[in-house]
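The figures that follow rest on heavy atoms only: side chains count, while hydrogens, waters and symmetry mates do not.
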Amino acid sequence: MLVDNEIKNRIKLCVAAYAYEFHSDSIMSDAEFDALALKIDKYARTGRPRIDLFFMQHFDPSTGVWIRKHPELDKIRFLYERYYR
């Protein structure tokens with residue numbers, strides 16, 4: 001269950017960071033983004049080694065710029081366009 005929550009939170013945060021960094025679109029408030037970012041355990045193992053390594057190496061809860069290096073940016077873009085555009 002904890003892994004499921006971590007995955008869900010990472011996805012939500014990635015889509016929000018993508019929306020803001022690439023489209024200047026705030027799909028959540030700064031306070032919501034900050035609170036969610038602080039919940040992320042960048043060392044959690046989710047069964048997705050490539051994504052886990054990305055979070056370990058690049059995630060910074062104080063900014064969303066890390067999204068620019070996301071290894072599955074195409075999937076994040078798809079989620080943004082599907083649910084927020």
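In this structure, the separation between OH on Tyr84 and CD1 on Ile27 is 4.5 Å, given to the nearest 0.5 Å. Atom CG of Leu53 is separated from atom CZ of Arg45 by 8.5 Å, given to the nearest 0.5 angstrom. For the atom pair CG (Asp41) and CG (Asp52), the distance works out to 9.5 Å, reported to the nearest 0.5 Å.
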Walk me through it: do Arg85 and His23 pass the test side-chain contact (heavy atoms from CB on, under 4.5 Å)? CA-CA 10 Å; Arg85 204 88 199 244; His23 298 282; 3.3 Å; yes
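Note on Phe78: it clusters hydrophobically with Val15, by side-chain heavy-atom contacts below 4.5 Å among ILVMFWY residues. Note: the hydrophobic cluster containing Val3 also contains Leu13 (ILVMFWY, side chain heavy atoms under 4.5 Å, direct or indirect links). In terms of hydrophobic clustering, with Ile, Leu, Val, Met, Phe, Trp and Tyr side chains grouped at heavy-atom distances under 4.5 Å, Ile76 and Val65 are assigned to different clusters. Residues Met56 and Trp66 do not share a hydrophobic cluster, clusters being chains of Ile/Leu/Val/Met/Phe/Trp/Tyr side chains in contact below 4.5 Å. Under a hydrophobic clustering in which Ile, Leu, Val, Met, Phe, Trp and Tyr are joined whenever their side-chain heavy atoms come within less than 4.5 Å, directly or via other members, Leu2 and Ile7 fall into different clusters.
Within 6.0 Å of NZ on Lys42 lie more than 12 heavy atoms contributed by other residues, nucleotides or ligands. Crowding of Arg68 atom CZ: a count of heavy atoms from other residues, nucleotides or ligands under 6.0 Å exceeding 12. Sparse packing is recorded around CG of Asp30, with 12 or fewer heavy atoms of other residues, nucleotides or ligands lying under 6.0 Å away. For Phe22, the CZ atom is densely surrounded, since the number of other residues' heavy atoms within 6.0 Å is greater than 12.
The two atoms that bring Ala37 and Pro61 nearest to each other are CB-O, 3.7 Å, heavy atoms only.
For the pair Glu72 and Arg48, the salt-bridge criterion is met [side-chain N within less than 4.0 Å of a carboxylate O].
Cation-pi check for Arg10 over Phe55 is met; the charged atom lies under 6.0 angstrom from the ring centroid and within 45 degrees of its normal.
For Met28, the side chain to side chain contact (heavy atoms under 4.5 Å, CB included) partners are Ala16, Glu32, Phe33, Leu36, not counting sequence neighbours.
No side-chain N or O of Tyr18 forms a donor-acceptor pair with one of His70 less than 3.5 Å apart. For Tyr80 and Asp25, the side-chain atoms include at least one donor-acceptor pair closer than 3.5 Å.
Looking only at side-chain heavy atoms (C-beta outward), Ile11 and Lys8 stay at 4.5 Å or farther from each other. The shortest side-chain heavy-atom distance between Pro71 and Ile51 falls under the 4.5 Å cut-off. Residues Cys14 and Ile67 are in side-chain contact: their nearest non-hydrogen atoms beyond the backbone lie under 4.5 Å apart.
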